[in-house]
**Student:** 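There's a structure below that I have some questions on.
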2 protein chains.
Amino acid sequence: MIVFTAMNEATTRDPDLTRSRILQAGFELFVDKGFAAVSMRELAQRSGVTKSLIHHHFGTKEGLWDAVKEAAFSRYYEGQKDELEGADAPDSNLLRNGVIRYFRFLQENPQVVRLFTWMHLENDSTCSEMDAELVALGARRVREAQEAGLLRADVNPTHVVTIFIHACSQWFEVRPQHKNWEGIGSDDEYLEDFMKIFMDGLAPGAAGPETDSN
Amino acid sequence: MIVFTAMNEATTRDPDLTRSRILQAGFELFVDKGFAAVSMRELAQRSGVTKSLIHHHFGTKEGLWDAVKEAAFSRYYEGQKDELEGADAPDSNLLRNGVIRYFRFLQENPQVVRLFTWMHLENDSTCSEMDAELVALGARRVREAQEAGLLRADVNPTHVVTIFIHACSQWFEVRPQHKNWEGIGSDDEYLEDFMKIFMDGLAPGAAGPETDSN
DNA sequence: TCATTGATTGACCGACCGGTCAATTCGAGT
DNA sequence: ACTCGAATTGACCGGTCGGTCAATCAATGA
């Protein structure tokens, strides 16, 4: 009986909701200020629970930090993996669409970019493991396109993926600052220019005559 | 008299040396762990002086942080500015050489990359102001090259500079991690591949026939 | 209905935080 | 030789830190 446990709000106990509220508060604060600059008392206040309750659910401050990273990363990871495995036939627009989707994802999840940057700075290994798999997946698709003659073959596929990841993520990492940069455009204008250069530079036979070569 | 004040080492007082020792310790620790995670006691121990002495020379922890950033950034800024203002005739290798020099600078000063990343995350304005000037300087040179017909003219010069800055700095920002990335190459191999794609993508007339255009 | 279990609370702990201050110690000008 | 100011020290401050603990409180199964 009492199947309708969902009817109560805030009046009764709901450990799952509590957990997720703490997680959300942790996500917001850690993304904003970084792990070291956030206090347990701050986390408690933001999530509307007691400090002890956070310890009850997550053990230590590091425990909560790990849970926050885990949750954010698994969301990111699943989304990206689905997109990468979605298409199967290599066509000339596959890379273009992949870049655009990646750019859009970061655009809609700027907090994730900040979180990953904090993780990178503290040499978090979780980050690198999952990243490695995604990059490998993307690199495989680039190699397929190269073998199909759709992309120039004289560049390392992993580097191709790395370059576009860098160009996208760094854009959002420093975006709060470059609004004062002289002549800089909007997200979309940047993406458009990047795509022009990147795609043309990757076209087969792009090693044109004006290169002084080696 | 007593002109040879340099003969004494550690025996006598040397406020300048003390200052620079504290600055160095601050640089190392802040780069490594970020501002919030470093304690005054840690800084004192690392620099071999008393905690009170740090307060005497720099006022507060923030004061030292500012001094560290100031010192690092002015070194970076002067170096980059010299290079950008050095050459004056726009030639086809100007951008290529500029990118390479920027890449080499980051390669030799990986700590600076970390420092700037910490600054970005805490929305430090010092960063953006000086960055803005450097980017504007670089963008001007790109525009000159465009007007001379050496680079494609249908892309925003500021975006061109932004893209290569991102591709270089993000590479070193995440470098500790991507050693496990499948198939990734060395610094130089990455730079080489990036230059291929970037320079060919920027060549005039790069908007080739295979683009489905718009 | 009642015992059990886990959610939740507030009081409390020792450690450490950044910062201050009065007291010393040196170096340099006179 | 004396003085004055800066460099340097260690003791000390109030406050905050992350974490613990015993005690309540509410749901749940027997």
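Heavy-atom basis, side chains included; hydrogens, waters and symmetry copies ignored. Computed from a predicted structure; not experimentally measured. First the proteins, then the strands, lettered A, B, ... as listed; each starts at 1.
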**Student:** How long is the line joining CE of B/Met40 and P of C/dA15, in whole Å?
**Tutor:** 22 Å
**Student:** In terms of relative ring orientation, are A/Phe105 and A/Tyr76 parallel, tilted or perpendicular, with 30° and 60° separating the classes?
**Tutor:** tilted
**Student:** Would B/Lys61 and B/Ile54 satisfy side chain to side chain contact (heavy atoms under 4.5 Å, CB included), going step by step from the backbone distance to the final call?
**Tutor:** CA-CA 8 Å; B/Lys61 190 185 169 190; B/Ile54 304 182; over 6 Å; no
**Student:** Can you tell me the distance, in whole Å, between the CG atom of B/Asp16 and the C1' atom of D/dT8?
**Tutor:** 15 Å
**Student:** Listed in order of residue number, which residues of residues 60-68 of chain A have a non-hydrogen atom at under 4.0 Å from DNA chain C?
**Tutor:** none
**Student:** Tell me if the centroids of the rings in A/Phe103 and A/Phe172 come within less than 6.0 Å of each other.
**Tutor:** yes
**Student:** How long is the line joining CG of A/Leu29 and P of D/dC17, in whole Å?
**Tutor:** 12 Å
**Student:** Inspect the contact between B/Asp16 and B/Arg21 and indicate whether a charged nitrogen and a carboxylate oxygen are less than 4.0 angstrom apart.
**Tutor:** no
**Student:** Strictly under 4.0 angstrom, non-hydrogen atoms only: write out the protein contact profile of nucleotides 7-13 of chain C, one letter per nucleotide from the 5' end, B, S or -.
**Tutor:** BBBBB--
**Student:** Does B/Trp118 have its ring centroid less than 6.0 Å away from the ring centroid of B/Phe35?
**Tutor:** no
**Student:** When you look at B/Lys196 and A/Arg152, which way does the side chain to side chain contact (heavy atoms under 4.5 Å, CB included) test go after all the steps?
**Tutor:** CA-CA 10 Å; B/Lys196 280 184 190 169; A/Arg152 68 191 293 173; 3.9 Å; yes
**Student:** Rounded to the Å, how far apart are B/His55 NE2 and D/dC12 P?
**Tutor:** 18 Å
**Student:** Could you check whether any side-chain N or O of B/Thr60 sits under 3.5 Å from a backbone N or O of B/Gly63, counting only pairs where one atom can act as donor and the other as acceptor?
**Tutor:** yes
**Student:** To the nearest Å, how far apart are A/Leu17 CG and D/dA27 P?
**Tutor:** 14 Å
**Student:** side-chain hydrogen bond (donor to acceptor under 3.5 Å, both in side chains): which pairs involve residues 161-185 of chain A, sequence neighbours left out?
**Tutor:** A/Thr117-A/Glu173, A/His166-B/Tyr190, A/Ser169-B/Gln170, A/Gln170-B/Ser169, A/Trp171-A/Asp187, A/Arg175-A/Asp187
